[in-house]
Amino acid sequence: MLDIRNNHLIIDDVDTVELSEQFGTPLYVTDKTKLKDNFQAYRSAFPKADIYYAAKANWDLTILKILAEEGAGADVFSEGELYIATLAKIQTDKILFNGNSKTDSEIEFAIKSGVKISVDSLDELNTISKAAVKNDCEANIAFRINPDVSPDTHPKISTGLKTSKFGILESEVICAYKKACDLPNVNPIGIHCHIGSQILDISVYEEATLKMMDIAQKVSSFVELKFIDLGGGLGINYKKEEKIPTPKDLADIILPIFEEKTELIGISPKLILEPGRSIVGDTTILLSRVNTVKKAYKNFVGIDAGFNLLMRPVMYDSYHEVMVANKADEKVEDTYTIAGPICESGDIIGSDRKLPKIEKGDLIAVLDTGAYGFSMSSQYNGRPRCAEVVVCKGKANLVRDKETFEDLVAKFN
Ligand SMILES: *Cc1c(COP(=O)(O)O)cnc(C)c1O
């Protein structure tokens, strides 16, 4: 939780100014208590469901370990994410391997690991069957279904539109499951969809759940469905609006439909959800030092973190709240535009923010950077990635070292 004490921003009882002095900047700081609370909010809203955390949102090993201890499964989108989820001791029977373009080696690795696979095309189904036969094992699969719904979110994170690259069309579903029944060594045991991300108008889940239950009914006439996976996508409160939907609100939409329809069809599949952002998004802040302040077209504040560490503002025009962490209690004095150090004019973390007076050396905190922050980072401009710290009730733990210049050149021959 964020607090203010002695004019400083405090995260789970740890002073951010002290963190910046101890570990340097830029620095990602994650609040473990909040992370556990966010996961448990899903647990209590969906007591009978399995929660498969979407690893791509943030695959820091410590974060995955904390979630594994809380009982999370994982939705993984690559061999690397599967590798690290297993390392974090997430049970393989609680992992779904996703991807619209999996390599043959990824498919083999997934089959041999014994995880469930979400199949994105009939072509891929053939590949999976052949790989399973070759390795003399069975592949438990679901098809990723494109439910053709339009959530009100940024087009780049809307994944269930009929024009999207993900999933098979509703019209192909029956044929796909029949084919899966006919092919050797594949067991169709689930259905899967994921409609998008940062969804705040959750009424779209009603449409998606109804469509998926409709498909479940048709498929159930010849397949025993063990799970129905409705994906992730719940949004978080980046703009600090008054009211935004919680896992409980999502449950109030999904569960009545899920329960009524499963009873009607006469099946008892497990419900699976795959939240990413709503588990980690608001657990983390990015601390960054002010290098320079100048008056040009605007009041530009140059900080030491840019889109090399936080891609979202550039990639999705995302809004992140910005605070001056060492002047957390001071009154607004001017309007500032917070710019990263990257050699691209688009490298702006926040535009036209009303903040206390900013000077060289001040500490900027960019809020809600736990999801799609570090996991999308790069070494662009020859900048080593920064360190990551996890704080818990007054204590700070360095969980990832800052990269070095040797790391930058480590793979050159
Ligand atoms: C990205 C993704 C998620 C998580 O989405 P959030 O918006 O972070 O909750 C879940 N499932 C799949 C298949 C995804 O690709």
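Source: prediction; values computed, not measured. First listed ligand is number 1; within each ligand, the first listed atom is number 1.
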Salt-bridge contact Lys327-Asp362 (side-chain N to carboxylate O under 4.0 Å): yes
Is Ala57 in contact with ligand 1, taking contact as a heavy-atom separation below 4.0 Å? no
Tell me, please: is Tyr52 in heavy-atom contact with ligand 1, that is, under 4.0 Å? no
Using a 4.0 Å cutoff against the non-hydrogen atoms of Gly276, which atoms of ligand 1 qualify? 4 (C), 6 (P), 8 (O), 9 (O)
I need the atoms of ligand 1 closer than 4.0 Å to a non-hydrogen atom of Arg144, numbered in the order shown. 13 (C)
Set out, in order, the CA-CA distance, both residues' side-chain angles and the distance that settles salt bridge (Lys or Arg N to Asp or Glu O under 4.0 Å) for Glu81 and Lys56, then state yes or no. CA-CA 7 Å; Glu81 284 181 9; Lys56 74 174 187 290; over 6 Å; no
Under 4.0 Å from any heavy atom of Glu274, which atoms of ligand 1 are there? 3 (C), 4 (C), 9 (O), 10 (C), 11 (N), 12 (C), 13 (C)
Lys/Arg N to Asp/Glu carboxylate O, Asp15 vs Arg5, below 4.0 Å: no
Does Asp136, at its CG atom, have more than 12 non-hydrogen atoms belonging to other residues, nucleotides or ligands within less than 6.0 Å? no
Ring centres of Phe143 and His192 under 6.0 Å apart? no
Presence of salt bridge, Asp182 and Lys178, under 4.0 angstrom: no
Is the NZ or CZ atom of Lys298 both under 6.0 Å from the centre of the six-membered ring of Tyr336 and within 45° of that ring's axis? no
In ligand 1, the atoms that come under 4.0 Å of a heavy atom of Gly233 are 5 (O), 6 (P), 7 (O), 9 (O)
Walk me through it: do Lys240 and Tyr319 pass the test side-chain hydrogen bond (donor to acceptor under 3.5 Å, both in side chains)? CA-CA 10 Å; Lys240 309 298 165 202; Tyr319 179 92; over 6 Å; no
Nearest-neighbour protein heavy atom for atom 5 (O) of ligand 1, which is reported as residue plus atom name and distance: His194 CE1, 3.3 Å
Within 4.0 Å of some non-hydrogen atom of Ser197, the atoms of ligand 1 are 6 (P), 7 (O), 8 (O)
Under 3.5 Å: N/O of Ser278 near N/O of ligand 1: no
Could you tell me, atom by atom, which parts of ligand 1 come under 4.0 Å of a heavy atom of Asn98? 13 (C)
For Lys130, does the NZ atom sit with more than 12 other heavy atoms under 6.0 Å from it, leaving out its own atoms? no
Could you tell me whether Ala54 approaches ligand 1 through its side chain, its backbone, both or neither, with non-hydrogen atoms closer than 4.0 Å? side chain
Enumerated ligand 1 atoms positioned under 4.0 Å from heavy atoms of Pro275: 9 (O)
Looking at ligand 1, does any of its N/O atoms fall within less than 3.5 Å of an N/O of Arg277? yes
How about Arg289 and Ser20: does a side-chain donor come under 3.5 Å of a side-chain acceptor? yes
Among all protein heavy atoms in this structure, tell me which lies nearest to atom 8 (O) of ligand 1, with the distance rounded to 0.1 Å. Tyr372 OH, 2.5 Å
Ring-face cation contact, Tyr238 with Arg312, 6.0 Å cut, 45° max: yes
Considering heavy atoms of the protein only, find what lies nearest to atom 14 (C) of ligand 1 and give residue, atom and distance to 0.1 Å. Lys56 NZ, 2.8 Å
Take every heavy atom of Ala371, measure it against each atom of ligand 1, and state whether any distance is under 4.0 Å. no
Can you list the ligand 1 atoms lying under 4.0 Å from a non-hydrogen atom of Gly232? 9 (O), 10 (C)
